[in-house]
Amino acid sequence: MSDVMQASPAAAQRENRQVKLVKMAGFGAGERSTVAISVATALAILLLWWLVAALGIVPHLFLPRPDEVLTQIGVIYRDGYAGASLSEHVAASLFRIVVAALIAISAGIPLGLLMGLNRWAKGVLDAPIEFYWPLPPLSYLPLMIIWLGIGETSKITLLVLAMFAPICLSAQAGVRSLPIERVNAARSLGANRLQLFIDIVLPSALPEILTGVRIALGVGWSTLVAAELIASTRGIGFMIMSASQFLATDVVFVGIAIIAVCAFTFSAAIRFLETYLVPWKGKL
């Protein structure tokens with residue numbers, strides 16, 4: 001008996017030494033950062049751009065070198081363009097985008113949630129949204145001018161229409177993707193309708209909603225040039241269109257670069273909100 005008692009701790013130690021933790025294999029892009037790959041890709045694109053322009057593969061009139069674009073940014077920052085400073089052009093575009101985004105978010109999220117929760121709301125709102133959503137903004141731009149004039153109202157309305165649909169449809173999709181098991185579990189614990197919405201429906205739909213907002217902001221920036229065709233004298237889109245008429249390709253590239261930086265900043269802000277509001281995204 002004593003031999004058995006003495007052998008047991010030794011056997012237990014051997015078993016403990018044999019236990020090994022196995023890390024599960026990842027799937028998809030994985031959790032490792034891709035910043036270095038993205039930076040290397042951007043540098044490769046800039047190098048290719050410089051080589052194509054420097055070797056004259058594309059005429060200089062149509063493709064200036066990257067350093068010439070950087071020089072033009074300094075010129076526009078110092079002297080302005082088309083009767084307005086660079087800060088005035090950027091501020092005008094940011095004002096239109098931010099106001100339109102706030103309107104689209106404040107209207108699109110509640111209506112999308114309602115469409116996901118109520119069949120009557122879905123039946124009434126789904127048809128008009130699906131009808132106009134695939135249309136390019138330039139197709140209904142003339143109607144905006146006829147109905148709302150050439151002021152800021154028509155520009156902001158055009159941007160709101162472009163951003164509203166992806167936000168609304170994403171909110172609806174977030175509700176529709178909610179597992180019924182969560183709802184039933186909350187009901188079994190005595191949750192009422194308001195508690196179900198606040199604690200179950202809204203958190204579950206939030207990742208889809210934030211993704212829709214990111215998509216909507218991208219659509220809004222791509223619509224900005226069309227919106228600023230309406231009798232504008234300020235704005236990045238106006239600067240691009242005005243420069244294109246005079247074949248000032250370097251100014252066009254400056255406008256494109258500014259839009260890209262602004263759009264990336266907005267997207268990064270939404271990604272930060274995602275990490276703060278929905279840290280469980282992609283982990284469940």
Identify the heavy atoms of Gly190 and Gln195 that sit nearest to each other, and give their distance. O-OE1, 4.0 Å

Kindly indicate, with the supporting measurements, whether the criterion side-chain contact (heavy atoms from CB on, under 4.5 Å) is fulfilled by Leu113 and Ile209. CA-CA 10 Å; Leu113 294 174; Ile209 292 173; 4.2 Å; yes

Cluster link Val75 to Leu247, ILVMFWY, side chain under 4.5 Å: no

Under 3.5 Å donor-acceptor, Ser242 side chain and Met239 backbone: no

Between Thr223 (side chain only) and Leu159 (backbone N and O only), is there a donor and an acceptor less than 3.5 Å apart? no

State the OG-CZ distance between Ser93 and Phe238, to the nearest 0.5 angstrom. 10.5 Å

Donor-acceptor under 3.5 Å (Ser154 side chain, Gly149 main chain): yes

For Ser204 and Arg182 the tightest heavy-atom approach is OG-NH1, 2.9 Å

If you group Ile, Leu, Val, Met, Phe, Trp and Tyr by side-chain heavy-atom gaps below 4.5 Å, do Leu138 and Ile156 land in one group? no

What heavy-atom pair brings Pro137 and Leu158 nearest, and what distance separates the two atoms? O-CD1, 3.7 Å

Ignoring hydrogens and geometry, is there a side-chain-to-backbone donor-acceptor pair from Thr249 to Leu63 under 3.5 Å? no

Main-chain N/O of Ile150 paired to Lys155 side chain as donor or acceptor, under 3.5 Å: yes

Check the hydrophobic clustering (I, L, V, M, F, W, Y; side-chain heavy atoms under 4.5 Å; chains of links allowed) and say if Trp120 and Leu111 are grouped together. no

Answer yes or no: does atom CZ of Phe264 have more than 12 heavy-atom neighbours from other residues, nucleotides or ligands under 6.0 Å? no

Are Leu70 and Val52 connected, step by step, through hydrophobic side chains (Ile, Leu, Val, Met, Phe, Trp, Tyr) whose heavy atoms are closer than 4.5 Å? yes

How long is the gap from CG on Leu178 to CG on Leu117, to the nearest 0.5 Å? 9.0 Å

Validation row: Tyr77, Val254 side chains within 4.5 angstrom (heavy atoms): no

Side chains of Thr157 and Tyr140, heavy atoms from C-beta outward: is any pair under 4.5 Å? no

To the nearest 0.5 Å, what is the distance between CH2 (Trp147) and OG1 (Thr153)? 14.5 Å

Membership question, hydrophobic clusters at under 4.5 Å side-chain separation (ILVMFWY): are Val213 and Leu202 in the same one? yes

What I want to find out is whether Arg234 reaches Glu228 closely enough, with some N-O distance under 4.0 Å, to be called a salt bridge. no

side-chain contact (heavy atoms from CB on, under 4.5 Å), that's the test. Do Ile258 and Val90 meet it? Break it down for me. CA-CA 8 Å; Ile258 293 173; Val90 174; 4.0 Å; yes

Criterion side-chain contact (heavy atoms from CB on, under 4.5 Å) against Ile76, the qualifying member of Thr71, Val251, Asp250: Val251

Do the non-hydrogen side-chain atoms of Trp221 and Ile97 ever get within less than 4.5 Å of each other? yes

Could you check if a side-chain atom of Pro128 sits within less than 4.5 angstrom of a side-chain atom of Phe131, using non-hydrogen atoms only? no

Please determine whether the number of non-hydrogen atoms from other residues, nucleotides or ligands lying under 6.0 Å from atom CZ of Phe95 exceeds 12. no

Please round to the nearest 0.5 Å and tell me the distance separating atom CG of Leu51 and atom CD1 of Ile57. 7.5 Å

Working for side-chain contact (heavy atoms from CB on, under 4.5 Å), residues Glu274 and Arg214: CA-CA 11 Å; Glu274 285 183 346; Arg214 283 181 56 202; 4.0 Å; yes

Which pair of heavy atoms, one from Ser87 and one from Ser85, lies closest together, and at what distance? OG-OG, 3.1 Å

Output the distance between atom CG (Leu161) and atom CG (Leu141), rounded to the nearest 0.5 Å. 11.0 Å

Would you say the ring centers of Trp49 and Phe253 fall short of 6.0 Å from each other? yes

Check this for me, if you would: do Arg65 and Glu68 make a salt bridge, where the nitrogen-to-carboxylate-oxygen distance has to be below 4.0 angstrom? yes

Determine whether a donor-acceptor pair (N or O, by modelled atom type, separation under 3.5 Å) exists between the side chain of Ser267 and the backbone of Ala263. no

Does Trp133 have its ring centroid less than 6.0 Å away from the ring centroid of Phe164? no

Is there a side-chain contact (heavy atoms from CB on, under 4.5 Å) between Leu196 and Asn192? Walk through the geometry before answering. CA-CA 6 Å; Leu196 276 176; Asn192 56 36; over 6 Å; no

Nearest heavy-atom approach of Ser139 to Pro142 is O-CD, 3.7 Å

Beyond-backbone contact of Arg187 with Arg193, side-chain heavy atoms, under 4.5 angstrom: no

Please report the closest heavy-atom contact between His89 and Thr233, naming both atoms and the distance. CE1-O, 4.1 Å

Just wondering, more than 12 heavy atoms not from Leu46 lying within 6.0 Å of its CG? yes

CD1/Ile270 to OG1/Thr211 distance, rounded to the nearest 0.5 angstrom? 10.0 Å

